[in-house]
*Asks:* 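Here it is: the structure, laid out below.
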Amino acid sequence: MPKELEKTYQPQSIEAAIYKRWERSGFFNPDTLPGRRTKPFTISMPPTNVTGELHLGHALGFTVQDILTRFHRMAGYKTLWLPGTDHAGISTQIMVERLLQQEGLSRDDIGREKFLKRVWEWKNKYGTRINDQTRSLGASCDWSREHFTMDPALTAAVHKAFITLFNEGLIYRGARIVNWCPRCATALSDLEVKHIETSSKLWFIRYPLSGSTKYIVVATTRPETMLGDTAVAVNPKDQRYTQYIGKKIILPIMNREIPIVADARVDREFGTGAVKVTPAHDAADYDIGTTHHLPVINIIGQDNKMTKEAGEFYGKSVQDARQDVIARLETEELLEKTVDYAHHQARCDRCNTPIEPLISKQWFLKIAPLAKPAIAAVKSGTINIIPKRFEKVYFHWMNNIRDWCISRQLWWGHQIPIWYCGPERTVPAEKIGFAGDVVRQLFKGKTVTYRLRDHHLTVGDRVAVENSTTGQIIGIATINKIECTTVGKLPLDNPMHGATYSHINQLIARFKVHYPKIRVNAATPAYIYTYSFAALDADHGCGATIASSDKPKRCPHCKQTKFLRQEEDTLDTWFSSGLWTFSTLGWPKKTIDLKRFHPTSVMETSWDILFFWVARMIMFSLKFVKQVPFRTVYLHGLVLDKSGKKMSKSKGTGIDPLPMAEKYGTDAIRLSLVLGTSAGQDFKLSEEKIAGYRNFINKLWNVARFVLSQRTPKAQELEIKNLADKWIIGRLNTLNGAVTKNIEQFKFSEAGTALYEFLWHDFADWYLEISKVEKNYGILRHVLSVWLKLAHPFIPFVTEEIWSRLAPAGKNNMLIVQNWPRAQQEQSTLGLAFIQQYVTLLRNFRAENKISASESLSVSYWGSKAPLIKENERWIRPLSAVQTMGMSEQPQVSGSLPGLNFFVDYRVDASKRKQEVVALSSYIQKLEAKLSNKNFTDRAPKEVVDEVRSKLAEQREKLKKLL
RNA sequence: GGGUUCGUAGCUCAGUUGGUUAGAGCGCCACAUUGACAUUGUGGAGGUCAGAGGUUCAACUCCUCUCGAACCCACCA
């Protein structure tokens with residue numbers, strides 16, 4: 001005998017024990033699920049960042065995923081929900097850096113190895129905590145298959161992916177302008193940069209024309225970058241400036257002569273129509289600089305300080321340099337004016353530091369070739385995105401995608417599986433998918449042509465120098481001068497900067513061996529870059545770049561061992577999570593799991609990582625396993641605080657899910673996250689809402705208490721004995737169908753709301769009350785048990801607990817593995833619906849006439865439906881709080897329904913009745929107007945017209961009785 | 001600059017392919033209450049569905065515009 005239930009539901013004492021029972025049962029694991037299951041259902045849990053603790057967004061995601069998982073498990077699928085955590089490179093590193101900061105240390109103080117040890121300690125602590133929290137939210141995921149993005153198996157997958165892409169020439173290394181976060185001291189991808197509206201100023205600076213007293217005025221938000229200007233650009237169609245195109249300007253302060261170039265990208269409307277061009281520190285200027293072959297002068301270093309190139313400002317912070325430059329310009333009367341200006345400033349997504357665009361050597365992934373099939377997969381419907389409107393956003397982003405900077409100068413992450421043979425990290429890569437550079441080099445007084453295995457080199461880079469005729473590495477040298485001249489067209493589609501015609505044939509011959517896919521194209525302009533080297537280091541590696549997971553035994557090219565050194569950069573954290581759906585199933589090994597569970601069924605995550613993650617998974621999965629990673633993407637909205645802002649722990653506006661779960665129960669939290677919300681739509685959540693669902697859970701608890709308090713012989717369980725039985729079974733069937741359909745269509749709110757309405761209103765308010773009279777407790781118990789199954793995906797804890805007391809015990813008799821109910825035959829619910837209206841009218845009568853409860857009422861009723869009332873009088877009386885009731889015709893009418901009149905023996909307030917007459921008349925008028933409209937009767941469907949007709953007749957009859 | 005979402009009862013939000021006198025929860029008002037449940041029950045008040053046009057027999061729902069709010073993307077210095 002189950003011990004008696006507490007008067008109110010106490011989640012705290014129940015949840016942990018139930019979770020433990022589930023976990024021990026093995027039901028989370030598809031391999032140990034009972035029953036014959038052939039069709040797989042897989043969800044790959046978005047790996048939780050090990051940065052800290054869970055927030056409500058996680059709780060929402062887990063809830064939706066758990067609903068889907070539990071539903072499919074009960075519906076007979078071989079169900080796998082695979083959990084895991086993400087190392088979250090930059091975010092976690094920041095957390096640990098902050099921790100160190102409290103100890104007065106920086107990561108450089110303790111070094112890479114010790115720092116990583118600290119991060120692992122962090123990861124172990126928070127990874128465990130997060131998994132515990134995930135358990136406490138009821139997630140029915142298979143912990144035996146749990147993964148972490150830096151597990152050895154997943155690291156192997158990352159290496160495999162990187163090396164494959166590298167060998168195919170899709171990954172390359174080059175010096176490009178990138179988003180540099182000075183605080184994190186790393187490059188970032190475009191996605192990791194947020195644009196925040198900032199009020200700033202626009203400075204108008206005079207640039208004197210060379211050999212003239214005239215000047216051109218340029219406008220800038222960053223006056224300090226003028227030190228690195230190498231041109232002024234104007235729109236070629238701008239009448240104001242056409243005469244100056246090709247002329248020179250003397251750059252103030254630096255006194256450097258720079259050209260005026262024409263470029264269509266310059267907006268004539270903005271500022272003065274003339275733009276200062278700083279290729280080294282602005283992405284747009286970088287592009288202009290590339291077009292016009294402008295020199296690139298780095299005046300800002302990675303430490304956010306001015307470089308030697310900044311002359312007298314060397315060593316100053318960017319902010320100080322700005323003030324000093326402005327002051328200098330003012331004293332030289334070159335500052336025309338300053339105006340207030342609001343613009344969007346680029347900031348680091350993680351630490352909010354303003355981004356400094358810098359040229360630095362990074363690894364990039366050519367992503368357009370991967371994007372193409374990924375676009376097709378969504379376009380063809382192989383992948384479905386819910387809600388659909390996000391498909392548009394996806395297409396827009398994918399169609400405009402730019403190469404992805406995948407290297408990070410972080411310590412926490414997957415170290416790039418690249419090995420260099422040589423002492424310097426600037427030694428360029430060999431197999432990088434483009435032809436490379438051939439340079440004429442002035443060295444030791446002789447002109448020799450060498451080949452460099454990279455382009456976009458800058459002064460100060462140390463490079464491996466190879467004799468391109470013999471292929472022999474001569475040494476490692478430092479570039480101290482670069483010049484550029486244009487020579488004409490080259491026959492290769494990749495920019496072969498600096499190739500001379502005499503070497504092209506040799507090169508093609510060479511590259512045909514290494515890069516059989518290289519294509520020939522006659523339209524590429526070529527330039528000769530002449531690099532001068534300061535010194536040659538004879539003790540060197542061969543400069544080869546080797547892609548390898550482990551340290552190679554020796555350099556495959558020069559066979560030396562002593563110069564091998566791994567690339568120090570790590571990969572963007574999203575590179576590894578992009579492999580998540582298949583790396584966690586064993587890829588690159590051909591595992592049974594991979595075959596069975598991939599593609600996964602549903603990807604459930606929040607819309608704000610559509611690009612970061614979802615898009616990348618689609619691209620990588622198509623690339624590496626030739627399958628979509630998932631069939632459906634369900635995007636949930638963001639949980640907002642009361643004021644409609646994204647919840648933030650630092651601002652204290654967040655609701656922490658775990659104390660809430662402690663206070664109100666996990667089931668209540670889950671309902672509050674899923675009910676009244678819709679896919680992709682952000683929503684506000686308040687504690688009051690959670691409390692409301694706690695009340696519902698308690699209501700359920702008490703319903704169960706009542707049901708359990710009644711003895712029921714098993715045999716009579718499904719015997720429909722009366723009108724109410726018929727009705728509740730009918731309603732239950734409808735509910736069953738609706739819940740099933742709505743979950744299948746990802747309409748969780750509708751499914752949950754239907755469950756809520758049924759339990760509280762149909763079942764508790766009506767059926768349960770009736771059953772106190774009718775005492776058909778078999779049906780009562782049956783309905784509750786079916787309802788528990790239907791509701792289990794939403795509120796697993798309380799349903800499992802009640803189930804354990806309702807059903808015979810036994811491992812396989814846990815609710816979590818019960819078969820999903822199938823809707824039974826339809827039952828007519830009309831009879832009871834009619835009585836409900838009657839009861840409501842009577843209750844209404846008492847309330848509106850302010851008849852106190854103690855006063856007893858006597859009611860007579862008659863009409864064609866009267867026998868129906870007569871049959872059920874025994875429970876209608878208590879429900880309507882009428883003491884005496886009988887079938888007999890009366891001269892007066894207190895109220896009526898179609899086929900039923902009733903009279904209450906009580907003096908009533910006449911004004912109430914008057915109000916009702918007015919309302920009824922106006923409604924009747926409305927219906928009449930509708931029917932007298934010939935257009936309506938002719939064109940509207942017959943059913944609609946008939947409905948209006950019968951309604952009108954009904955209302956007219958009602959009115960007649962009232963008068 | 002391009003794009004998206006939202007504007008429905010005091011508050012938080014539902015509203016499926018256009019057809020019910022527009023719904024729920026919370027709050028409010030009135031009444032009830034010792035046996036499933038005060039984390040309760042019964043009843044009620046409260047909305048010209050942001051505004052203006054249009055399409056239609058019929059518009060909260062479709063179209064256009066306007067006004068508010070939020071967000072995403074983008075190299076206007």
Side-chain angles (χ1 to χ4, degrees), chain A residues 5 7-9 177 190 195 202 218-222 225 233 265-267 269-272 274-278 282-288 343-344 346 357 389-390 392-393 396-397 400 607-608 610-611 637-638 640 642 644-646 664 675-678 680-686 688-689 691-710 742 745 747 749-750 753 756-757 764-765 768-769 772 840 843-848 850-854 880-881 919-920 922-923 926-927 930 933-941 943-945 947-948 951 955:
Chain A
L5 272 63
K7 206 166 173 180
T8 54
Y9 177 56
I177 194 149
D190 295 340
H195 297 90
L202 200 55
V218 297
T220 181
T221 51
R222 299 202 53 194
T225 61
R265 282 167 285 198
V266 177
D267 181 356
E269 307 298 319
F270 188 87
T272 60
V275 192
K276 60 188 275 306
V277 182
T278 323
D282 183 281
D285 291 5
Y286 179 80
D287 290 346
I288 292 177
H343 74 298
H344 291 268
R389 69 184 133 92
F390 281 101
K392 205 172 163 181
V393 183
H396 181 258
W397 190 75
N400 295 292
W607 59 260
D608 57 338
L610 181 62
F611 306 142
L638 271 30
L640 307 175
K642 267 186 189 166
K645 296 263 176 252
K646 204 169 166 177
Y664 296 107
L675 269 59
T677 69
S678 53
Q681 201 60 49
D682 301 347
F683 62 96
K684 294 179 208 176
L685 183 69
S686 59
E688 293 76 52
K689 186 174 176 186
Y693 288 113
R694 184 268 320 266
N695 295 355
F696 171 70
I697 301 294
N698 191 58
K699 183 77 183 178
L700 164 63
W701 185 253
N702 278 290
V703 166
R705 267 182 12 119
F706 178 80
V707 174
L708 287 164
S709 68
Q710 310 303 331
N742 282 318
Q745 297 180 354
K747 292 179 183 171
S749 177
E750 290 187 38
T753 308
Y756 179 102
E757 293 294 323
D765 291 348
L768 194 145
E769 293 302 326
K772 285 176 181 170
T840 305
R843 286 169 173 170
N844 211 327
F845 186 90
R846 188 185 278 274
E848 295 213 323
K850 300 216 185 314
I851 304 167
S852 84
S854 55
S880 56
L920 212 49
S922 85
Y923 183 37
K926 222 159 135 187
L927 293 174
K930 213 169 194 180
N933 181 349
K934 200 161 179 308
N935 277 328
F936 174 70
T937 48
D938 288 356
R939 299 203 200 178
E943 307 90 73
V944 176
V945 180
E947 209 184 317
V948 174
K951 218 175 269 167
Q955 300 307 318

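Every heavy atom of this structure was used, including side-chain atoms; hydrogens, water molecules and symmetry mates were not. First the proteins, then the strands, lettered A, B, ... as listed; each starts at 1.
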*Asks:* Taking atom P in both C31(B) and U16(B), what distance in whole Å separates the two?
*Replies:*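 Rounded to whole Å, the distance is 39 Å.
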*Asks:* Under 3.5 Å, side chain of Asp682(A) to main-chain N/O of Gly637(A), donor-acceptor pair present?
*Replies:*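 Between the backbone of Gly637(A) and the side chain of Asp682(A) there is no qualifying donor-acceptor contact (under 3.5 Å).
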*Asks:* What about Glu769(A), does its side chain sit under 3.5 Å from the base of A36(B) through a donor-acceptor pair?
*Replies:*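 Indeed there is one.
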*Asks:* Using a cut-off of strictly less than 4.0 Å, decide whether Asn695(A) has a side-chain nitrogen or oxygen near OP1 or OP2 of U40(B).
*Replies:*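 For U40(B), OP1 or OP2 has a side-chain N or O of Asn695(A) closer than 4.0 Å.
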*Asks:* Could you identify the nucleotide paired to U42(B), looking across every strand shown and requiring Watson-Crick or G-U wobble geometry with both distances under 3.5 Å?
*Replies:*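 Because both required distances fall under 3.5 Å, U42(B) counts as paired with A30(B).
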*Asks:* Look at Lys699(A) and U39(B) and indicate whether a side-chain polar atom (N or O) is within less than 4.0 Å of OP1 or OP2.
*Replies:*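 Indeed not, no polar side-chain atom of Lys699(A) lies that close.
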*Asks:* Return no unless some side-chain N or O of Lys684(A) is found under 4.0 Å from OP1 or OP2 of U12(B).
*Replies:*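 For U12(B), OP1 or OP2 has a side-chain N or O of Lys684(A) closer than 4.0 Å.
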*Asks:* How is Asn933(A) classified with respect to the nucleic acid when contacts are heavy atoms under 4.0 Å: base, sugar-phosphate, or nothing?
*Replies:*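 Asn933(A): backbone/sugar contact only, no base atoms under 4.0 Å.
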*Asks:* I'd like the C1' distance from C6(B) over to U12(B), given in whole Å.
*Replies:*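 Those two atoms are separated by 14 Å.
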*Asks:* Just checking, is any N or O donor in the side chain of Lys276(A) or Thr278(A) under 3.5 Å from an acceptor N or O on the other one?
*Replies:*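 Short answer, yes.
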*Asks:* State, to 0.1 Å, how close Tyr664(A) and Arg694(A) come at their nearest heavy-atom pair, and which atoms those are.
*Replies:*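 Closest pair (atom of Tyr664(A), atom of Arg694(A), distance): O-CG, 3.5 Å.
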*Asks:* When you measure only distances, ignoring hydrogens and angles, does the side chain of Arg389(A) come within 3.5 Å of the base of U4(B) through a donor and an acceptor?
*Replies:*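 Absent.
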*Asks:* Scan every strand shown for a Watson-Crick or G-U wobble partner of U64(B), both distances under 3.5 Å, and answer none if you come up empty.
*Replies:*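 Across any shown strand, U64(B) pairs with A52(B).
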*Asks:* Would one find a side-chain N or O of Asn400(A) under 4.0 angstrom from OP1 or OP2 of A74(B)?
*Replies:*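 Checking Asn400(A) against A74(B): no side-chain N or O falls below 4.0 Å of OP1 or OP2.
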*Asks:* Calculate the interatomic distance between Ile851(A) atom CD1 and C31(B) atom P; express it in whole Å.
*Replies:*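 So the CD1-P distance, Ile851(A) to C31(B), works out to 14 Å.
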*Asks:* At under 4.0 Å between heavy atoms, what does Gln955(A) touch on the DNA or RNA strands: base, sugar-phosphate, or nothing?
*Replies:*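 Base: the residue Gln955(A), judged by heavy atoms under 4.0 Å, touches a nucleobase.
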*Asks:* Can you tell me, in whole Å, how much space there is between the P of C26(B) and that of G44(B)?
*Replies:*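 Straight-line distance between the two P atoms is 16 Å.
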*Asks:* Quantified in whole Å, what is the C1' atom distance between nucleotide C49(B) and nucleotide C75(B)?
*Replies:*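 These two C1' atoms come out 43 Å apart once rounded.
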*Asks:* Could you tell me the separation between the CH2 atom of Trp701(A) and the C1' atom of A36(B), rounded to a whole number of Å?
*Replies:*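 Rounded to whole Å, this separation is 12 Å.
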*Asks:* Tell me if the side-chain of Lys772(A) makes a donor-acceptor pair with the base of A36(B), cut-off 3.5 Å, by modelled atom types.
*Replies:*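 Side chain to base: pair present.
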*Asks:* Could you tell me how far U55(B) sits from C63(B) if I compare only their P atoms? Round to whole Å.
*Replies:*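 C63(B) and U55(B) have their P atoms separated by 15 Å.
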*Asks:* Could you tell me how far C60(B) sits from A52(B) if I compare only their P atoms? Round to whole Å.
*Replies:*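 After rounding to an integer number of Å, I get 12 Å for this pair.
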*Asks:* Between the base of C37(B) and the side chain of Lys7(A), is there a donor-acceptor distance below 3.5 Å?
*Replies:*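 By the distance-only test, no, there is no pair.
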*Asks:* As an exercise, state the distance from CD1 of Ile697(A) to OG1 of Thr8(A), rounded to the nearest 0.5 Å.
*Replies:*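 If we round to the nearest 0.5 Å, Ile697(A):CD1 and Thr8(A):OG1 are 13.0 Å apart.
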*Asks:* Does Arg694(A) put a side-chain nitrogen or oxygen below 4.0 Å from OP1 or OP2 of U39(B)?
*Replies:*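 Arg694(A) to U39(B) OP1/OP2: no side-chain N or O under 4.0 Å.
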*Asks:* For atom C1', what is the distance between A22(B) and A58(B), given to the nearest Å?
*Replies:*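 Nearest-Å result for A22(B) against A58(B) at atom C1': 15 Å.
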*Asks:* Rounding to the closest angstrom, what is the interatomic distance between G18(B) and C62(B) at atom P?
*Replies:*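 Rounded to whole Å, the distance is 8 Å.
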*Asks:* Output the rounded distance in Å from CG (Asn844(A)) to C1' (G43(B)).
*Replies:*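 Going from CG in Asn844(A) over to C1' in G43(B) covers 6 Å.
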*Asks:* Select from Ala691(A) and His344(A) the residue whose nearest nucleotide in RNA chain B is closer to the 5' end of that strand.
*Replies:*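 Result of the comparison: Ala691(A).
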*Asks:* Could you pick out which residue, Ser678(A) or Phe390(A), lies toward the 5' side of RNA chain B when each is mapped onto its nearest nucleotide?
*Replies:*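 Between the two, 5'-proximity favours Phe390(A).
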*Asks:* Could you check how far OH of Tyr664(A) sits from C1' of C26(B), rounded to whole Å?
*Replies:*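 That distance rounds to 13 Å.
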*Asks:* Heavy atoms under 4.0 Å, any strand shown: does Lys747(A) hit a base, just sugar-phosphate, or nothing?
*Replies:*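 It contacts sugar-phosphate atoms only.
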